[in-house]
Structure formats: structure tokens, C-alpha cells
Visitor: 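Have a look at this one.
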Amino acid sequence: MSIQKIAKYAKHFDVLVIHESSDVPPYRESIETVFRSSTFISIDAEQTPTPLQCHLLIVCGSYPFLKNPALRTLLSRVQSLESIIFTPDFSNINVYKIALSFRASNVIAVPQSEDEFANAMMGIFSSLVKKHNEHILSNYDRMISEFSDNLFWIHKDKKVLYANEALKQKFGIKSLGELDYYFEDKEIAPLINASGISQKIITKKDYKGEEKAYFATNQLLKDREYLVSMIPLSAPIEDQDKQLYNRMSFIELLKDAFVVHKRENEPIPVIVMYIENTDKIIEMRGEDIYNNVCKEILKLVRTTFKNDIKIAQWHKDIFTLLATDISLDALKRSLEKFHQSLGIEISIDGASPLIDSFIIDMHGVELNKAIGIIDHINQKQLLSRDLTHLVHFEISASPQEIDEVQHAIHYLEKMIMTNTAVKLLNFYKGIRISTSAKLVKISDDMVYISIEKIQGYAMKLEQSVVIQGPNIPFDILANVQIVDVAKKIAVLTKFEPLEASGNNRQYIRIQSDHRMHVTIGTGRSVLSGTILDISIKSIACKISSSKKAPLILHSRVNLQFNLPMERFEDGMVSMVIAGKIQYIQEGDEFTKVVVELDLMEPYEGYLIEYIYARQQALVNEIKTIANKL
């Protein structure tokens with residue numbers, strides 16, 4: 001591949017190369033030719049810039065160089081979007097462990113020609129370009145949020161760099177180049193040409209030809225980049241009633257309500273709406289879907305309560321509504337109507353909100369206490385003294401007094417009505433099997449579900465499955481009554497809400513494909529047993545209960561066993577590992593012992609290599625078995 005083919009990407013990026021002092025990288029000329037800027041540093045250099053910033057970091061050197069503490073110290077001062085390692089020792093597994101600690105995206109043999117260097121770069125540019133664009137947008141979004149929540153745009157050297165969606169929609173802008181006329185506009189040009197912070201009221205026509213006044217501000221951000229914010233003036237009264245307030249604005253509304261109603265014996269009702277499954281929707285469907293769900297909630301609120309109420313987003317999952325010109329009875333009726341319509345009208349891509357709503361009478365309550373009550377609802381810590389001000393509440397979920405099975409089935413019924421897919425979770429010999437599935441029907445507390453073959457086989461072995469969904473605030477454990485892997489359908493019963501998530505397993509635990517004997521040395525005693533499963537942090541073993549095991553919790557032990565490794569003679573490598581007993585479970589037939597490992601080299605590397613290879617083998621194994629069924 002010609003070096004010029006990567007020039008169109010490289011010319012936008014700065015590269016930093018950290019190399020061994022004795023080496024002159026053979027690809028140095030290629031880097032200096034195509035990248036926007038390049039810096040070459042050896043770890044024994046007397047002076048280096050602080051901090052080191054670049055788009056792409058290349059670390060080049062042998063394994064001894066990569067594990068040099070001086071290199072790690074130097075890298076701690078580097079800020080980069082992407083990094084790779086060039087090394088002659090790329091087949092050394094220890095290099096890959098170092099790459100993980102450096103957060104390097106790839107380990108590559110040192111390029112010896114322009115073509116080899118170009119090929120290595122093509123493998124990194126797709127990720128680098130994406131991260132670069134995300135970095136730019138993230139920086140702009142963060143700066144904009146600090147200065148304005150209205151129409152805004154950023155310019156530098158008489159070129160528009162960024163404009164928010166509100167501005168584009170308001171003026172029908174499809175490309176940033178269409179805004180270049182601003183630099184010649186008779187009203188805007190004096191604003192942006194003034195030094196320092198400048199402010200001015202301007203009048204602009206939108207794409208419909210409607211004229212509106214704006215309070216415009218031009219202020220310096222950094223590196224000759226300027227932010228122009230345009231706040232619309234004289235908004236119609238009907239639009240003011242429909243605006244969405246933030247937390248601070250809502251507190252000001254509360255202050256006003258307390259002043260107006262201070263001497264009147266009238267309620268000051270505040271509705272607090274808590275979206276119970278916010279995290280689930282974001283996890284399963286993403287932020288964009290959740291934002292759309294919130295928009296639909298606001299539409300339904302405005303339709304149900306009309307103009308008698310002011311709305312604020314108190315927190316990500318909390319909306320607050322202030323009503324001062326409506327009776328409590330009328331407010332209760334409106335809230336009941338809202339909840340009746342909630343499950344029918346709001347479902348975005350299968351995500352439906354589950355809302356707990358509280359009507360709190362803030363009359364006679366101090367401001368700090370009123371804020372505290374709302375925060376307690378947000379934190380799920382509503383106190384008994386808070387309940388004295390609770391007038392009414394509505395929940396979208398099933399009533400709390402029903403049993404756990406019906407509570408779980410309630411959520412599954414909602415997902416069938418909204419045609420929402422779920423995730424199923426099983427473990428096959430230690431590896432996680434998770435695929436999408438479709439709920440078909442519920443009959444007599446039995447759920448019929450369409451599944452993938454690989455999941456069906458795992459369900460058949462475990463005879464249970466964990467159900468996860470964006471509309472379920474907890475994971476559900478279900479028994480598998482019938483599973484037909486070939487027809488890809490299963491029948492589930494006995495549903496149980498789980499207190500913890502099925503995803504909480506921190507480390508992969510692998511079961512071997514054959515019996516692995518182990519000896520456990522403790523003091524002067526040596527016990528023999530077999531390994532149940534193995535992870536990078538611990539090993540679970542079983543010892544015959546007929547053997548009196550002098551094992552003490554948290555005591556130190558030594559483990560010896562043979563680990564299957566094809567590259568060693570006889571296909572095995574002998575492991576000698578120290579550890580601490582973390583768990584003991586005595587049974588009638590055997591005692592289960594879990595030992596937390598203190599891994600040292602080379603045994604840590606052997607164990608990582610084995611677990612990775614075994615994991616890949618198990619994935620292929622279950623796929624092969626499932627496809628034959």
C-alpha cells in the first residue's frame with residue numbers, strides 16, 4: 001500500500017513516538033511525511049514537554065523496554081486518543097499483558113518499509129477518526145452546556161465550526177457553510193468583530209420568514225474559538241406556560257408559591273414523578289430512546305393537566321409539577337387519568353416508563369424541607385415524617401401486596417403488550433450465553449417465548465434462565481418447563497424477582513473439558529481433590545467429605561495441578577500457586593473450597609492463556625451442538 005493512501009487521514013493528526021534510545025525507527029521518515037505533526041522521544045531524554053498531548057501514541061521497543069518503569073512514568077504524562085505498540089517481540093504473551101495495562105489497541109511487528117507502516121496505520125485510522133470526532137463533539141457539548149442552553153454556534157478565523165441543532169432547525173441550515181454570511185451581516189458582524197465579550201440585541205428571520213429578537217453574546221472560549229449564544233426575547237405567554245424548567249428554576253417557583261400562599265390556608269401541591277426503570281431503559285435501549293420516552297411523558301402531562309401546571313426535570317429520572325390554581329381533588333383525578341393513559345400511549349422502541357407519582361402538599365413546609373422531600377423520593381429514601389405531607393400517590397407497577405410471581409408476570413405482560421424483546425441469560429460451563437428473545441403469550445402463569453438455538457441448549461442444561469428487559473426494574477429468574485431447541489421455543493414457569501443483577505459475575509469462571517486433579521497443601525497436611533471451575537482470581541475445588549479436611553477460612557494454602565497447554569510437552573504445564581481460602585461449604589458427599597489466588601509469573605500468563613483458549617473452545621462447542629439440534 002502506498003504511503004500516500006493514508007496521507008488524507010494522517011494529515012489531520014498529531015503523532016507521538018516513544019522509542020528506545022538506541023533505535024532510530026525505520027518508519028520515521030514516513031511519519032514525518034504524512035502526519036500533521038510528529039514528535040519522537042526516548043525514555044532517557046533529558047527534557048520532555050509537560051504534559052504530552054497527541055492524537056496517536058506509538059510505543060516502539062522490545063519487551064525489556066516495554067516493562068521499564070521509566071516508560072510507565074513517561075506514559076502517565078501522555079494524553080492521547082489512541083495508542084499502539086510496535087515491537088519485535090509481538091509473539092510474547094507478556095507483551096500483550098503490558099499492552100492491556102497501557103490501554104493500547106493493538107500490538108504489531110515493527111514495520112520495516114513504507115508499505116508495512118501504511119498497512120499498520122490503516123488498521124488504526126477507523127478507530128482514531130471516530131474517537132477524534134467524538135472528542136471534538138464532547139468538548140464542544142461540555143463548553144456549550146456551561147455557557148448557554150439556547151441557540152448557539154462556534155466560530156474561529158471567520159469560519160463557523162459548530163452549530164447546535166436548535167439553531168439549524170430554526171434557520172433551516174443544512175451545512176455550516178450556509179452560516180458564513182454571518183461575518184458580513186450588518187447586525188452580527190459588529191458583535192463578533194468586537195474585542196472581549198460583546199453583547200447586542202439583534203433581529204433575525206427564521207426559515208419561515210418570521211422575525212424574532214435575540215439577546216446575542218459573543219465570548220472567547222479558547223485558541224481563538226468564540227461562542228455566540230442567541231437567547232430569544234419576547235416569547236409568547238402560551239409558550240412560557242409550556243416550558244420545561246430545571247431544578248433551580250423550579251426552586252424559584254416554589255419560593256414564589258410560598259410567598260403568595262403564606263397567609264392563606266390553601267394547599268401548595270407538588271407532583272413528583274419518579275421513573276422507576278430509567279437505568280434499565282438506558283442500559284437496554286440507550287440514551288436516545290430514553291430521551292424520547294421523556295418527551296412523550298411531557299406531552300402526556302401537558303395533554304392531561306392542560307395549562308394549570310408548571311413542569312421541571314428535577315433529575316434524570318425525576319419530573320416535578322407545581323399546581324397552584326387547581327384543587328386537590330381535580331389534581332388527583334388528572335393524575336389517575338395520566339396513569340391510565342401511560343401504559344397505552346407511551347412506548348418507544350418497546351421501552352415504556354414505569355412511574356411512581358406522589359402528590360405532596362408543601363403548604364406550611366420550609367423550602368429546605370420541601371427540597372429534601374423531593375430528593376428523598378429521588379433517592380428512594382422517603383422518610384416517615386415526609387409521609388405526613390403525602391396527599392395521594394399512583395404507581396404504574398402492580399400493587400405491592402401481590403406475590404412475587406404475579407409481580408414478575410405483571411412486567412412480562414406489559415412487554416408482550418408493547419411487543420418488546422427481552423434478553424435471556426445462562427451460563428454454559430462458566431461462559432455467559434445471552435441472546436435476544438421474544439415473549440409470545442402468557443397463559444396460566446406460564447410464559448411462551450421464542451428463543452435462539454444456542455440459548456435453548458444452555459436453558460436445557462440449566463433448567464432455568466434469567467430474563468432481562470428495559471421495562472423490568474429487576475432481573476427475573478424462571479424455571480424452564482419445556483424447551484424445544486430445534487423449533488426455538490420454550491415454556492417458562494415459577495418466576496422470581498432477583499435482588500441482584502444476573503450480570504454481577506465479575507470474572508469468567510471456566511470448567512475444564514476433563515477431570516483436573518489438584519493437591520492442596522496446608523501446614524503439614526496435603527489434601528487431594530478435583531477442580532470445579534477456574535478463573536483469573538480464584539479456583540473452586542471439591543474434596544471428598546470422607547477426608548477430614550483441616551481447612552480454616554482465610555488460611556494460606558498451596559495448590560498444585562496440571563493445566564492443559566498444547567504448546568508444552570505432554571500437553572500440560574505444572575502449576576504451583578499460593579492462595580488464601582475464601583469459602584468453605586461442607587456437604588454430605590464432598591466439601592467445596594474456593595481459594596483466592598496470589599498469581600505470580602509465569603503462572604499468571606499460563607492461566608490467562610488457558611482461560612482465553614478454553615473460552616473460545618466452549619463458544620465453538622455450544623454453537624456446534626446447538627446447530628445440530
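Just so you know, residue 1 is the first one in the sequence shown, and it goes up from there.
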Visitor: Give the C-alpha distance, both sets of side-chain angles, the deciding distance and a yes or no for salt bridge (charged side-chain N to carboxylate O under 4.0 Å, His left out) between Arg247 and Asp375.
Guide: CA-CA 11 Å; Arg247 176 189 170 102; Asp375 282 335; 3.1 Å; yes
Visitor: Answer yes or no: is there a side-chain heavy-atom contact under 4.5 Å between Tyr428 and Ile454?
Guide: no
Visitor: Just so I know, are the side chains of Ile275 and Asn277 near enough to count as touching, which here means a heavy-atom distance under 4.5 Å?
Guide: yes
Visitor: Taking 4.0 angstrom as the limit, do Arg567 and Glu609 come out as a salt bridge?
Guide: yes
Visitor: Looking only at the side chains, is there a donor atom on one of His517 and Ser528 sitting less than 3.5 Å from an acceptor on the other?
Guide: no
Visitor: A side-chain contact here means heavy atoms from C-beta on lying under 4.5 Å apart; do Ile374 and Trp314 qualify?
Guide: yes
Visitor: Compare all side-chain heavy atoms of Val491 with those of Val480 and state whether any distance is below 4.5 angstrom.
Guide: no
Visitor: What is the distance from atom CG of Leu532 to atom CD of Gln511, rounded to the nearest 0.5 Å?
Guide: 8.0 Å
Visitor: For Asp475, is there an ion pair with Lys423 - N to carboxylate O distance below 4.0 angstrom?
Guide: no
Visitor: With a 4.0 Å cut-off, would you call Arg614 and Asp533 a salt bridge?
Guide: no
Visitor: Answer yes or no: is there a side-chain heavy-atom contact under 4.5 Å between Ile622 and Ile433?
Guide: yes
Visitor: Could you work out, with side chain to side chain contact (heavy atoms under 4.5 Å, CB included) as the rule, every residue matching Val422, not counting sequence neighbours?
Guide: Met415, Leu424, Ala437, Leu439, Ile449, Ile467
Visitor: With distance as the sole test, does Gln455 use its side chain to make a donor-acceptor pair with the main-chain N or O of Thr435 at under 3.5 Å?
Guide: yes
Visitor: Quick one: does any side-chain atom of Ser525 pair with a main-chain N or O of Gly521 as donor and acceptor, under 3.5 Å?
Guide: no
Visitor: Salt bridge or not between Lys316 and Asp279? Use side-chain N to carboxylate O under 4.0 Å.
Guide: yes
Visitor: Under the salt bridge (Lys or Arg N to Asp or Glu O under 4.0 Å) rule, collect the residues that match up with Glu621, sequence neighbours excluded.
Guide: Lys429
Visitor: For Glu20 and Ser62, test the side chains for any donor-to-acceptor distance below 3.5 angstrom and give the result as yes or no.
Guide: yes
Visitor: Got Ile451 and Ile489 here, is their nearest side-chain heavy-atom distance under 4.5 Å?
Guide: no
Visitor: Report yes if the side chains of Met575 and Tyr606 come closer than 4.5 Å at any heavy-atom pair, otherwise no.
Guide: yes
Visitor: Looking at side-chain heavy atoms only, is the closest gap between Phe358 and Leu390 below 4.5 Å?
Guide: yes
Visitor: Which heavy-atom pair separates Ser357 from His339 by the least distance, and what is that distance?
Guide: OG-NE2, 2.7 Å
Visitor: Run the side-chain donor-acceptor check on residues 81-94: report pairs under 3.5 Å with partners two or more places apart or on a different chain.
Guide:
unit_1, atom_1, unit_2, atom_2, d
Glu82, OE1, Ser105, OG, 3.4
Glu82, OE1, Lys131, NZ, 3.4
Glu82, OE2, Ser127, OG, 2.5
Glu82, OE2, Lys131, NZ, 3.2
Ser83, OG, Arg103, O, 3.4
Thr87, OG1, Gly61, O, 2.8
Thr87, OG1, Asp89, N, 3.0
Asp89, OD2, Tyr63, N, 2.8
Asn92, OD1, Asn94, N, 2.9
Asn92, OD1, Asn94, ND2, 3.4

Visitor: Kindly compute the distance separating OG (Ser464) from CD (Glu496), expressed to the nearest 0.5 Å.
Guide: 10.5 Å
Visitor: Checking Phe319 against Tyr274 for the ring-ring contact (aromatic ring centres under 6.0 Å, His included) test, could you report, in this order, the C-alpha distance in whole Å, the side-chain angles of both residues, the deciding distance, and whether it holds?
Guide: CA-CA 7 Å; Phe319 287 101; Tyr274 170 66; over 10 Å; no
